[in-house]
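Right, one structure below, let's go through it.
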Amino acid sequence: MAYKTVNPYTNELVATFPDLREDELEQAIATAQATYATWSQTDFAHRRAILHKAAAQLRDRTDHYAELLTLEMGKLFRESQQEVTLCADILDYYADRAEEFLAPQPVPDEAGRGDRAMVISQPMGVILAIEPWNFPYYQLARVVGPQFMAGNVVMVKHASNVPQSAAAFARLFQDAGAPEGLYTNMYATHKQLEELIDDPRIVGVALTGSEGAGARIAARAGQNLKKTTMELGGSDAFIVLSDADMEHAVRWAVWGRMNNGGQCCVASKRIIVMDDIADDFLARFSGALGQLRPGDPMDAATGLPPMSSQAAADQLNEQVRVAVEHGAKAIRVGPPPPERGAFVQTTILTDVTPDNPVYHQELFGPVAMFFRARDEDEAIRIANDSPFGLGGSVFTRDTDHGTEVARRIETGMVFVNHPTWTRADLPFGGIKRSGYGRELSSLGIQEFVNKKLIDVVPIDAAA
């Protein structure tokens with residue numbers, strides 16, 4: 001897997017890490033399984049204390065954790081700090097709410113037989129989490145927070161380009177008093193990943209990643225009859241209706257497209273604007289994007305960071321080249337990026353037709369597609385004409401009407417007057433090729449628990 005830290009701002013190799021040995025893999029699984037046997041029997045108070053301690057450590061050492069994110073995947077340092085804080089919020093949220101979410105649910109005695117039935121939530125076992133590089137801590141927090149509180153244990157195969165961030169998150173829980181095997185970070189190979197999915201001691205798989213990776217992992221898990229959750233790609237529509245507050249819509253379009261360097265599954269990748277305001281919006285949007293200065297992601301003045309790797313930058317540049325080759329127009333905005341580092345020029349693609357290969361692709365980085373819509377119905381049609389169904393947004397002064405438009409968008413999430421985003425108490429997930437299952441909120445903790453029915457029936461009840 002070539003686990004290594006390469007600073008994308010300079011493309012310099014910082015450190016390398018050896019792959020997991022086979023004997024280490026077996027020991028890790030055995031330890032996780034043994035830990036589950038005891039952890040699943042602990043009470044909520046014990047679990048809660050460890051999560052709160054981990055959250056406190058994230059807040060106390062925010063800059064330390066944030067610097068690793070910026071080093072390994074090029075995230076703006078201020079955004080790295082925000083990610084660390086978000087993780088602390090998620091851990092605290094589940095520590096405080098899990099017992100309520102998993103409380104036994106009585107079943108009404110509709111038959112009138114005197115039954116006392118209830119559904120209880122019990123842990124399932126060892127969960128395998130396969131996570132990407134774009135939010136190295138957040139992706140982990142939204143799995144381990146609910147799973148630890150549910151009584152499960154987690155083994156993590158993180159992305160190969162964020163090995164130091166992966167190790168730091170594992171140490172976080174060790175320092176918080178977690179038992180060995182509760183959280184296992186593994187520098188696993190592809191072959192070992194398949195072995196893990198096949199292993200009967202692994203009871204479920206949570207993946208965040210590309211649709212290709214999702215298809216492969218879901219197929220492997222399916223062969224083993226194992227529960228999975230899949231949070232895959234997205235190409236969120238950002239619909240601007242004619243009555244939208246133009247100033248705020250433009251500001252949020254820039255943030256929605258460029259947050260995390262544009263490398264976000266719920267980034268506003270397709271800007272869809274009513275034709276009567278499209279020229280004005282495009283001029284303002286281009287101007288605002290052009291103000292983002294490329295440079296060192298540790299510098300507070302930088303607005304355009306490098307992408308996570310040179311390979312990612314090359315792939316995005318190739319997508320833009322192919323799009324232009326098939327008739328799209330590329331509007332390059334802002335100053336040219338540095339020659340050294342994994343930078344991509346901020347770009348707006350216009351005149352993208354359905355027969356253009358990029359039309360149905362996800363653009364991961366500082367490139368937006370811009371569409372004009374004759375009316376609201378066409379805007380919705382364009383929004384829904386995508387293999388993805390993760391998030392989306394609608395901008396309008398009439399929020400009641402915006403809610404009605406949101407109902408017509410075929411995704412797992414839609415925001416009115418804000419780009420799709422995340423919070424501990426909001427369910428996160430999509431439909432279509434964006435995957436299935438939900439993370440965060442009360443829904444996220446329900447994915448890997450056994451909903452067991454216990455029915456106490458009167459001894460003399462009729463058959």
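What you see is a predicted model; the values in this text were computed from it and never measured. Here, residue 1 is the first one in the sequence, and each next residue gets the next number.
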Between [X] and [Y] (side chain of the first, backbone of the second, donor and acceptor by atom type, cut-off under 3.5 Å), is there such a pair?
X	Y	result
T302	P305	no
Y36	R201	no
R48	A95	yes
N417	T396	yes
Y3	A188	yes
T42	W39	yes
R270	S235	yes
Y94	S441	yes
S393	T420	no
E79	N260	yes

In Å, rounded to the nearest 0.5 Å, how long is the span from CD of E231 to CD of E439?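 One gets 6.5 Å once the value is rounded to the nearest 0.5 Å.
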For the residue pair [X] and [Y], categorise the inter-ring angle as parallel (less than 30°), tilted (30 to 60°) or perpendicular (more than 60°).
X	Y	answer
F415	H418	tilted
F17	Y187	tilted
F101	Y93	tilted

Is the shortest distance from a Lys or Arg side-chain nitrogen in [X] or [Y] to a carboxylate oxygen in the other one below 4.0 Å?
X	Y	answer
D89	R59	yes
R321	E318	yes
R61	E67	no
R293	D299	yes
R251	E247	no

Residue pair [X] / [Y], side-chain heavy-atom distance below 4.5 Å:
X	Y	answer
I348	S286	yes
T184	T31	no
P366	L316	yes
L196	I29	yes
T411	L390	no
W421	L426	no
I239	I382	no

For [X] and [Y], test the side chains for any donor-to-acceptor distance below 3.5 angstrom and give the result as yes or no.
X	Y	answer
T70	S80	yes
Q27	D23	no
E72	N161	no

For R78, what residues pass the salt bridge (charged side-chain N to carboxylate O under 4.0 Å, His left out) criterion, not counting sequence neighbours?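 R78 satisfies salt bridge (charged side-chain N to carboxylate O under 4.0 Å, His left out) with no other residue.
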With E22, which residues qualify under salt bridge (charged side-chain N to carboxylate O under 4.0 Å, His left out), at least two apart?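 Counting only residues at least two positions away or on another chain, E22 forms no salt bridge (charged side-chain N to carboxylate O under 4.0 Å, His left out).
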Stepwise side chain to side chain contact (heavy atoms under 4.5 Å, CB included) test for L140 and V154: CA-CA 10 Å; L140 300 175; V154 178; over 6 Å; no
Is the number of heavy atoms from other residues, nucleotides or ligands under 6.0 Å of R438 CZ greater than 12?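 Yes, CZ of R438 has more than 12 neighbouring heavy atoms, counting only those of other groups under 6.0 Å.
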Looking at E180, I want to see if its CD is surrounded by more than 12 non-hydrogen atoms of other residues, nucleotides or ligands under 6.0 Å.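 Count not over threshold, so no.
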Listing, residues 124-136 side-chain donor-acceptor contacts under 3.5 Å, not counting sequence neighbours, or none:
from, atom 1, to, atom 2, distance (Å)
E131, OE1, T208, OG1, 3.4
N134, OD1, Q139, NE2, 3.2
N134, ND2, Q263, O, 3.3

What pair of heavy atoms forms the shortest contact from G74 to P297, and how long is it?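 In this case the closest contact between G74 and P297 is O-CB, 3.4 Å.
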Minimal non-hydrogen separation, I272 against A237, with atom names: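 So the two residues come closest at CD1-CB, 3.8 Å.
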Decide side chain to side chain contact (heavy atoms under 4.5 Å, CB included) for F44 and L102; before the verdict, give the C-alpha distance in whole Å, the side-chain angles of both, and the deciding distance to 0.1 Å. CA-CA 10 Å; F44 284 107; L102 299 177; 4.2 Å; yes
Check the pair Q446 / S442 against side-chain hydrogen bond (donor to acceptor under 3.5 Å, both in side chains), numbers first and verdict last. CA-CA 7 Å; Q446 310 293 342; S442 62; 5.8 Å; no
For F238, ring-ring contact (aromatic ring centres under 6.0 Å, His included) partners two or more places apart: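 Result, ring-ring contact (aromatic ring centres under 6.0 Å, His included) vs F238: F395.
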Output a table of donor-acceptor pairs, distance under 3.5 Å, between side-chain atoms of residues 330-341 and any protein atom two or more places apart or on a different chain; print 'none' if there are none.
from, atom 1, to, atom 2, distance (Å)
R332, NH1, T347, OG1, 3.2

With a 6.0 Å cut-off on the ring centroids, do F173 and F148 count as close?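 Ring centres of F148 and F173 closer than 6.0 Å.
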Candidates D296, L71, D63 - the one meeting side chain to side chain contact (heavy atoms under 4.5 Å, CB included) with F77: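 Exactly one candidate clears the test, D63.
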Only counting residues at least two apart or in another chain, list the ones meeting side-chain hydrogen bond (donor to acceptor under 3.5 Å, both in side chains) with H46.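 Per chain and number, H46 pairs via side-chain hydrogen bond (donor to acceptor under 3.5 Å, both in side chains) with no residue.
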